[in-house]
Structures are given as structure tokens and as C-alpha cells.
Protein chains: 2
Amino acid sequence: MLYLHLFIEMNKTESGSEKSIKVQLIIEVAQRRFGLYGVEKTSMQEIADDLKLSKAFLYYYFPDKERLYKAVVEKEQNEFLARISEKILNIQEPELLLREYVSTRLSYFRTLLNISRLRLEAYSDLKPVFRETISLFKEKEKEIIVRIFEKGVSKGIFSIKDPDQTASLFLDLLKGLRISVVNDKKTLFIEQKEYDRLLEKTIAFTDIFIKGLKIK
Amino acid sequence: MLYLHLFIEMNKTESGSEKSIKVQLIIEVAQRRFGLYGVEKTSMQEIADDLKLSKAFLYYYFPDKERLYKAVVEKEQNEFLARISEKILNIQEPELLLREYVSTRLSYFRTLLNISRLRLEAYSDLKPVFRETISLFKEKEKEIIVRIFEKGVSKGIFSIKDPDQTASLFLDLLKGLRISVVNDKKTLFIEQKEYDRLLEKTIAFTDIFIKGLKIK
DNA sequence: ATCTGACTATTTAAACAAAATGGTCAGACA
DNA sequence: TGTCTGACCATTTTGTTTAAATAGTCAGAT
């Protein structure tokens with residue numbers, strides 16, 4: 001396994017970002033194609049053609065297509081987390097924070113949907129490699145929400161018994177609302193109109209939820 | 001079309017319940033088989049065998065399998081609505097009403113899931129005949145919630161600008177939570193454990209939502 | 001008017017071949 | 001030695017045909 005050293009480097013997501021320029025290039029090209037046509041409708045050959053290199057070149061840097069997909073998803077995740085972190089630094093009010101989180105998260109959702117182009121619930125039959133990535137992201141997400149909630153509690157604004165549980169409930173509701181509203185049916189790509197409706201509902205939901213958390 | 005007169009009778013859901021004893025019998029037998037094996041795994045022949053009558057007998061009373069399915073679903077719907085109506089008569093507090101609605105609705109959901117045995121989102125590719133039934137039910141459902149909300153408002157307990165909009169948001173959230181929590185994946189039948197978890201989350205959600213509606 | 005047996009029409013399933021795509025590897029080249 | 005390729009193999013997907021199962025029809029018996 002010639003690529004082993006590279007693969008290990010890729011996976012230490014913490015020190016990350018030390019990916020060679022070539023790996024980054026592949027990811028970017030893949031990201032674009034995935035974004036346009038989805039993973040399933042993108043062949044490794046096409047990505048190689050974009051780069052004007054051979055298909056075997058890709059397999060020199062990535063063990064398989066799934067790992068490349070994973071890398072793209074992780075890049076998107078990091079971009080999302082970066083955006084959120086930036087906002088967290090500048091905003092003090094937990095209420096506003098939550099609202100910012102929600103809208104940023106929504107646009108991330110749209111990107112992800114474009115990349116995967118799978119029915120939404122296809123989340124279920126994903127490979128172990130992915131479960132890891134997804135659950136890691138979920139944890140990070142929840143951590144952010146928990147912190148926002150705790151901030152609200154310590155500021156005497158929110159009344160929350162179990163911030164951890166409430167956070168995962170909140171995320172489940174957001175996810176559920178997404179699924180329930182965009183009912184992907186045949187179209188499979190999210191339309192602007194649907195997205196707007198989702199945004200509207202999400203905001204209305206957040207308002208009520210926040211009010212439900214507030215101390216009377 | 002020999003069945004026309006019957007079909008018309010069946011469809012005037014309002015005066016309803018005038019269905020002949022035979023039609024009712026068929027529906028009940030189908031209801032049991034659908035509940036046990038799902039629509040797709042139940043053949044018309046099997047239903048006929050249960051009744052010890054010919055398959056053609058069924059087609060004398062129902063134009064096609066889909067309409068029989070529809071009749072079963074409508075029966076379930078009516079049973080659900082009847083249970084809810086009964087509760088509404090006895091409960092005065094909007095808060096309690098909403099909680100009762102939520103838990104009754106959840107058990108109805110479980111029944112429906114058993115009957116259809118389709119992936120949850122299979123809701124999407126349903127025939128026009130069904131869209132009608134579903135959307136009618138949705139309207140009735142929303143109407144109930146709206147009335148609960150309005151009662152809460154008039155009693156000075158809730159503060160809701162647009163009860164109609166809030167009601168459909170509430171229903172979307174419930175639906176979303178269901179989908180998001182039971183992730184039907186391969187199992188396809190809902191396990192007790194999952195159901196309990198859903199119930200727990202639904203209750204927690206309802207608590208916060210109600211608090212979010214209340215006047216400070 | 002109600003119901004059936006025998007029929008037809010559709011849908012689903014199985015089996016197979018052809019094409020597309022993921023993935024491997026020996027070796028060329030720096 | 002590290003990087004990359006063309007030619008190759010293995011698996012999955014797609015298309016086609018055929019057979020079986022099931023939905024649906026109808027003339028006619030009662």
C-alpha cells in the first residue's frame with residue numbers, strides 16, 4: 001500500500017491542512033463535480049479528465065472513491081465550522097448566536113445536499129468510514145449548541161435542565177424540519193422556493209424554541 | 001362500471017358510515033392483513049381467501065386494490081379522529097389538550113406505519129387518489145390544532161400571532177421528529193425501543209413548544 | 001343484484017449478456 | 001526512490017428476455 005503514509009496524514013484531522021497541494025487540488029476538482037452532479041453521477045475518470053491526468057493518478061493519492069468523497073465532505077464541514085466559529089467570536093447574546101447558527105447551518109445543508117444528491121434518508125446506509133465522519137460532526141455540532149445553551153443559562157436568560165439532551169433534541173428538530181419540508185420526492189435537487197419555505201419555517205421554529213427556553 | 005354507485009357512496013365521507021355490512025367486512029379483513037404484512041405483501045387473493053369468497057367478489061365492491069387500501073387508511077384516520085374528538089370534549093386546558101393530541105397521534109402513526117410498511121418518505125410517490133385523502137386528513141389535523149391554539153389564546157394563556165401558520169409548523173415539526181428519530185433504514189418495522197425514544201423526544205419537544213407559546 | 005370461474009393485462013422476478021466504472025499493477029520516467 | 005501511466009481485471013450497473021405472480025375483467029350462473 002503505497003498511499004499509506006498519505007492516508008494517515010490525511011486522517012489526522014486535527015493537525016490537518018498539511019495536505020499536499022496535489023491532494024488539495026484533487027479535492028477541489030472533486031468538490032466542484034460533486035457539487036454539480038452529485039457523487040454517484042461523477043466518475044473517477046471524469047475527475048481525472050478535469051485534471052488532465054490519468055485515473056490511476058487519483059488512486060495514488062486516494063485509496064478509493066469513498067475516501068475522496070469523505071475528504072470533500074470534511075472540507076465542507078470544516079468550512080462550515082470555520083464560519084460558525086468566526087461568528088461565535090463576535091456575538092455575545094446566546095439568542096442571536098442560536099439564530100446565526102441556524103441560518104448558517106441551513107446553507108451548509110444545501111451544499112451537502114448538492115454534493116450527495118442522495119435521498120435524504122440515504123444517510124442510513126452509509127459505510128463505516130462515513131459514520132465516523134458524520135458522528136464526529138454531529139458531536140461538534142452538539143458541542144456548539146450546548147455551549148450556546150450553557151452561556152444562556154449562566155447569563156440567566158435560559159432555563160435548561162439538561163443542556164446536552166436539549167441540544168440533541170434541537171438538532172433532531174432542525175433535521176426533521178429539513179426532511180419534512182423539502183420532501184425530496186422526484187426532483188432530488190432543492191429548489192429555491194422550497195429552500196425559502198424551509199428558511200421561513202426554521203426561523204419561526206427557532207423563535208418559539210428560544211422563547212420556550214427563556215426564563216419567565 | 002357496476003361499482004359506481006357504491007364508490008360514490010363510499011366517497012361522501014361526511015355522511016359516511018352508510019357502507020354496507022359487506023364493504024365493512026372487506027375493509028376489516030384487509031385492515032388486519034395490511035396491519036400484519038403491509039399492503040405490498042398482501043394479495044387480493046389472500047383477502048378473498050380469508051373471507052372464503054372469490055377474488056372477483058372484492059372487485060365487485062372495490063374498483064381496485066388502491067381504493068381498498070384507501071378505505072382502510074380512511075378507517076384508521078376516522079378512528080384516530082374519533083379518539084381525539086372524545087378527548088377534546090373532556091379536556092378544557094389547551095396545554096393538556098395539546099399533550100393528549102401528541103400522544104394519541106403518535107400511536108396512530110405507529111398503526112399507519114404497520115399498514116403501509118413503506119419507507120416513510122414513500123408518501124411522496126402516492127397516487128392522486130391518495131394525495132386527496134392525506135391532504136384532507138392534514139387539514140382536519142391542522143384544524144384541531146388551530147382550535148386548541150385559539151382556545152389557548154382566548155383563555156389568555158397562549159400568545160400566537162398566526163395560529164394557522166403556527167399549527168402547520170407544529171405538525172411539520174412532529175412529522176420531522178418522527179422521520180428523524182425512527183430512521184427506518186433496513187428494519188422497516190418500528191421497534192419498541194425506537195418508539196419509546198421517539199415518545200420521549202416528542203414529549204420534551206412539546207414541553208418546550210408549549211412554553212414557547214405561553215404568555216410571559 | 002350478487003357472486004364465480006376462467007380469462008387477460010400488468011407487474012414483478014429471475015437469468016443472462018453488455019457496458020460502465022471502480023480498482024490494481026508492472027513498469028516508464030524523472 | 002517517488003510519481004505517474006496504460007493496460008488490465010473485478011464488480012456493479014444497465015438492458016433484455018422470459019417466466020411467474022398478481023391485479024383486474026367479464027360472460028354467465030344463481
Side-chain angles (χ1 to χ4, degrees), chain A residues 1-10 18-27 29-30 33-34 37-72 116-119 122 125-127 129-130 188, chain B residues 1-10 18-27 29-30 33-34 37-72 117-119 122 125-127 129-130:
Chain A
M1 303 227 175
L2 288 173
Y3 51 74
L4 197 61
H5 62 289
L6 275 158
F7 178 56
I8 288 167
E9 187 182 273
M10 278 173 52
E18 292 180 37
K19 286 163 193 156
S20 83
I21 186 77
K22 284 175 190 174
V23 170
Q24 281 185 52
L25 206 68
I26 295 173
I27 293 176
V29 169
R33 269 225 123 84
F34 289 171
Y37 310 105
V39 216
E40 287 175 326
K41 290 290 177 191
T42 310
S43 73
M44 293 297 265
Q45 190 58 60
E46 288 171 324
I47 297 170
D49 290 348
D50 284 354
L51 290 160
K52 283 172 186 166
L53 289 165
S54 75
K55 194 177 63 169
F57 169 81
L58 299 177
Y59 284 96
Y60 182 70
Y61 291 101
F62 290 90
D64 50 43
K65 189 184 182 182
E66 201 175 53
R67 304 307 241 273
L68 174 53
Y69 178 32
K70 189 185 166 190
V72 171
S116 62
R117 289 288 170 77
L118 309 165
R119 314 240 147 188
D125 48 21
L126 35 76
K127 314 294 181 319
V129 200
F130 254 91
L188 212 45
Chain B
M1 301 233 178
L2 288 173
Y3 51 77
L4 197 61
H5 63 290
L6 275 157
F7 177 57
I8 288 167
E9 188 181 274
M10 278 172 52
E18 293 181 36
K19 287 163 192 156
S20 85
I21 187 76
K22 285 175 188 174
V23 169
Q24 280 185 53
L25 206 69
I26 295 173
I27 294 175
V29 169
R33 268 225 124 83
F34 289 171
Y37 310 107
V39 216
E40 287 175 326
K41 290 289 177 191
T42 308
S43 72
M44 293 297 266
Q45 191 58 59
E46 287 171 325
I47 296 170
D49 290 347
D50 284 353
L51 289 160
K52 285 175 182 159
L53 289 165
S54 76
K55 195 177 61 169
F57 169 82
L58 299 177
Y59 283 97
Y60 182 68
Y61 290 100
F62 289 90
D64 50 43
K65 191 184 182 183
E66 202 176 52
R67 305 303 243 274
L68 175 53
Y69 178 32
K70 188 187 166 189
V72 170
R117 289 288 170 77
L118 308 165
R119 314 242 146 185
D125 47 23
L126 34 78
K127 314 297 181 316
V129 199
F130 254 91

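Order of the sequence lines sets the chain letters (A, B, ...), proteins ahead of strands, with each chain counted from 1.
- The CD atom of A/Gln45 sits 5.0 Å away from the CG atom of A/Asp49 when rounded to the nearest 0.5 Å.
- Scanning for side-chain contact (heavy atoms from CB on, under 4.5 Å) contacts around B/Lys41 gives B/Tyr37, with sequence neighbours left out.
- Taking only side-chain nitrogens and oxygens, A/Tyr60 never comes nearer than 4.0 Å to OP1 or OP2 of D/dC4.
- Comparing A/Lys22 and B/Thr42, the nucleotide of DNA chain D nearest to each residue sits closer to the 5' end for A/Lys22.
- Rounded to whole Å, atom C1' of D/dT25 lies 13 Å from atom CE of B/Met44.
- Using a 4.0 Å cutoff on non-hydrogen atoms, the parts of residues 46-56 of chain A near DNA chain C are A/Lys55, A/Ala56, ordered by number.
- Within the 4.5 Å cutoff, the side chain of A/Leu68 has no heavy atoms near those of the A/Tyr59 side chain.
- The distance between atom CD of B/Gln45 and atom P of D/dA21, rounded to the nearest whole Å, is 13 Å.
- To the nearest 0.5 Å, the span separating OH on A/Tyr60 from CD1 on A/Ile26 amounts to 11.0 Å.
- Whole-Å rounding puts the A/Leu58 CG to C/dT24 C1' distance at 14 Å.
- When each of D/dT5, D/dG24, C/dT2 is scored by its nearest atom to the side-chain atoms of B/Lys65, the top-ranked nucleotide is D/dG24.
- Legend: residues meeting side-chain contact (heavy atoms from CB on, under 4.5 Å) with B/Asp50, ordered by chain and number and at least two apart, are B/Val29, B/Arg33.
- Here the side chains of B/Val72 and B/Val39 are not in contact, with every heavy-atom distance at 4.5 Å or above.
- In this structure, the CZ atom of B/Phe62 is 21 Å from the P atom of D/dT22, given to the nearest Å.
- Shown here are the side-chain contact (heavy atoms from CB on, under 4.5 Å) partners of A/Asp64, two or more places apart in sequence or in another chain: A/Glu66, A/Arg67.
- End-to-end axis angle of the helix from C/dA1-D/dT30 to C/dA30-D/dT1, using five pairs per end and rounding to 10°, comes to 30°.
- Nucleic acid contact class of B/Lys41 (heavy atoms, under 4.0 Å, all strands): none.
- With sequence neighbours excluded, the residues satisfying side-chain contact (heavy atoms from CB on, under 4.5 Å) with B/Leu53 are B/Leu51, B/Phe57.
- As a whole-Å value, the separation of B/Glu66 CD from D/dA23 C1' is 12 Å.
- One interatomic measurement links the two molecules: CD1 of A/Ile26 to P of D/dT3, which rounds to 12 Å at whole-angstrom precision.
- One finds the NZ atom of A/Lys55 at 8.0 Å from the OG atom of A/Ser43 (value rounded to the nearest 0.5 Å).
- Between B/Tyr59 and D/dG24 there is a side-chain N or O to OP1 or OP2 distance below 4.0 Å.
- Taking atom CG of residue B/Asp64 and atom C1' of nucleotide C/dT11, one finds them 15 Å apart after rounding to whole Å.
- Dashed line: the shortest gap from a side-chain N or O of B/Tyr61 to OP1 or OP2 of C/dC3 is under 4.0 Å.
- Straight-line distance from the OH atom of A/Tyr37 to the P atom of C/dT21: 14 Å, rounded to whole Å.
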